[in-house]
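Naming convention: chains lettered A, B, ... in sequence-line order (proteins, then strands); numbering from 1 in each chain.
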Amino acid sequence: MTDLKTVEIDLPASSDQLRRLELGNIVYLNGRVFTAREGVYKRAIEDGFGMPGSREGLGTVNFHCSPAGTVAPDGTSRLGAVSATASFRFVKWFDAWFKLSGCNIIIGKGGMTSDDYRRLFVPNGAIYLTTVGYGTGALLGRGIREVVDIHWVEELGMAQAVWVFDVKRFGPFIVESDFDGNSLFERENAKITSRIKELYQGTRPATLRRYGETDDKSEEVI
Amino acid sequence: MIVLESIVETAKNLMAKAAIEIPDDYLEGLRKCADRETGDLSAFVIKAMLENYDAAKEDRRAMCGDTGVPRWYVKYGNQASVEGGPVALEGALRSATADATTEIPLRPNRVHPLWRTDHNNNCGIFAPEIDYAFHPEGDWIDLTTVHKGGLFGTDYRMLFPGDGIEGIKRFYLDTLIAFGKRGLACQPAIVGIGLGGSKDMCSVLGKQASCLRIVGSRHPDPKVAALEEELKELGNTIGMGAMGFMGSSMVIDCHIEVGYCHTGGMPMSVHMFCLSSRRATARIHADGRVEYRTDPKWFSDYMRRSSVDWDMSHQVAAE
């Protein structure tokens, strides 16, 4: 196994730091991170509530995550594992979300398309980091030093609430989109697609077709 | 008589074991993948996962932040009797699921499909699922919990006899490639295939083949076993490894279960049990002994019987 380049970033990240990241770099983060997913996007954007805290309070790293944690009646919390959820489902909110949140790092599972990155991420100086595995939940849990705040538990439930973390050597993550909006996953997909034709020799399309079916294996389902 | 208190205690222990400890058979299978993997990104991912399993055990925290959908499989020996009957048993499994969610802790994953109501305890309408099987002899019950991921890597299709093995291979590759890209299926996975049955049984068989058989196990029909081997190899030659990065680590193992189906059809389902293949089993005996293990030993000759009657003389072989 060749050594992959590893980068540690103190948050908030500057544009210069993000510009230097290359697809496939391994990243660890120090500083402030907050979770937000569909419940938060809907409430903040569609329902007009805005952000649940200040930019300084929340930080500018949005993690697509809901942690395994509990909140006691006195408000104290206990955290176990944390893992990401698939990000492609959240694309429709991202134009408004970047403007509202000022985030420049999005962490999640599986990334988005390079079209999405060029249209939404590049104009906002943002990049995407993917979690590893997926499911290095215990390693990521170790990187969380403190639960600083939890917003909107009452309104959204624990899984959709905004958890604010202070993290130390939080990772590993892999750079999925760079400052120019290229996608690591798409680069890897292209390598695999070249072998697909040979792979499918000796197989047969199903007699009963489905609407919307494609035999172009370079396409994705996201 | 199996006392209820023992069931509650054992079920809570199983919830923690499943969530925290990767089963040995999966771990060994993943290490073999790691030895063969030449893709540097895919190899990095597997190395990180191996470190993650260690971190989970050391810290006694869940290996994955996504709880999946915790559920139960219960097998009754024919002579088993539970204090309070099956209703008390179901109550014990539901309360163990709820208590373990807070105590481990696990992320509360279960919500109403429309109103998104979350009880914060992984219980709700028809949740957790509890499935039953029976064994011709024994005064024990086997409890197995499985925490399988709930979003990606599953598909069903009605194929026909004329589609043949070539059609099976096509649908298998389609599913692996569709959900393997970007690693949505969290591979390398234990792929379970249901062939035949009615539509619901087809899905049940495929799901159970992925979650309730251990890596390295083979179907008793040698021709089905050979197909399992062939499909495993086929999946690993896609060129796709962990997270969809170029590599060879897609399928840890492939398990097929077959069931009799409509004479005109050949339904097929595909399921993938992920990098956090969470399962744990315990046998509770009538005398109070509890034995923990990671092999559910779910499928038996009795369950796979094809004749009208079950000849009790077969029961030794079934054990």
Applying a strict 4.5 Å limit to non-hydrogen atoms, the region of B/N109 in contact with chain A is neither
Under 4.5 Å to a heavy atom of chain A? For B/E37 that would be neither
Please report the interatomic distance [atom1]([X]) to [atom2]([Y]), rounded to the nearest 0.5 Å.
| X | Y | atom1 | atom2 | answer |
| --- | --- | --- | --- | --- |
| B/M240 | A/I192 | CE | CD1 | 4.5 Å |
| B/M243 | A/K109 | CE | NZ | 9.5 Å |
| B/R107 | A/T85 | CZ | OG1 | 6.0 Å |
| B/L184 | A/E220 | CG | CD | 8.0 Å |
| B/L234 | A/T203 | CG | OG1 | 9.0 Å |
| B/L41 | A/R187 | CG | CZ | 6.5 Å |

For this session: I would like to know whether A/E213 and B/R157 meet salt bridge (charged side-chain N to carboxylate O under 4.0 Å, His left out); could you show each step before the answer?
Result: CA-CA 13 Å; A/E213 191 156 51; B/R157 188 158 193 161; 2.5 Å; yes
Heavy-atom count check: over 12 atoms from other residues, nucleotides or ligands less than 6.0 Å from [X] [atom1]?
| X | atom1 | answer |
| --- | --- | --- |
| A/K168 | NZ | no |
| B/K199 | NZ | no |
| B/H262 | NE2 | no |
| A/K42 | NZ | no |
| A/E46 | CD | yes |

Can you tell me which of [options] forms the most heavy-atom pairs within a distance under 4.5 Å of chain A?
| options | result |
| --- | --- |
| B/F152, B/Y53, B/F171 | B/F152 |
| B/G239, B/A19, B/A55 | B/A55 |
| B/I177, B/D118, B/D59 | B/D59 |
| B/L151, B/L159, B/L106, B/L173 | B/L173 |
| B/A242, B/G167, B/G247 | B/G167 |

Please classify the contact of [X] with chain B as side chain, backbone, both or neither, using a heavy-atom distance under 4.5 Å.
| X | value |
| --- | --- |
| A/V82 | backbone |
| A/E176 | side chain |
| A/T214 | neither |

query = Is the backbone N or O of A/G110 less than 3.5 Å from a side-chain atom of B/R182, with the two atoms forming a donor-acceptor pair by type?
reply = yes
Notebook entry, point to check: With no hydrogens and no angle check, is any side-chain donor or acceptor of B/N52 less than 3.5 Å from a backbone partner on A/G135?
Noted result: yes
Quick one: are [X] and [Y] in side-chain contact, heavy atoms under 4.5 Å?
| X | Y | answer |
| --- | --- | --- |
| A/R142 | B/E58 | yes |
| A/L139 | B/M63 | no |
| A/K217 | B/D174 | yes |
| B/F44 | A/P172 | yes |
| A/V221 | B/K181 | no |

Name the option with the most non-hydrogen atom pairs under 4.5 Å to chain B; the candidates are [options].
| options | answer |
| --- | --- |
| A/G137, A/A84, A/G69, A/G111 | A/G137 |
| A/L140, A/I196, A/L184 | A/L184 |
| A/S183, A/G157, A/G141 | A/G141 |

Taking every non-hydrogen atom, the tightest pair across [X] and [Y]:
| X | Y | value |
| --- | --- | --- |
| B/P108 | A/M158 | CG-CE, 3.9 Å |
| A/L79 | B/P105 | C-CG, 4.4 Å |
| A/R195 | B/I238 | NE-O, 4.3 Å |
| A/E188 | B/G244 | CB-O, 3.9 Å |
| B/D163 | A/R204 | O-NE, 3.3 Å |

Within residues 264-280 of chain B, the residues sitting under 4.5 Å from chain A by heavy atom, in sequence order, are B/L275, B/S276
Does any donor atom in the side chain of A/S83 or B/D66 lie under 3.5 Å from an acceptor atom in the other side chain?
no
Q) So A/F185 and B/F245, would you call those rings parallel, tilted or perpendicular, with 30° and 60° as cut-offs? A) parallel
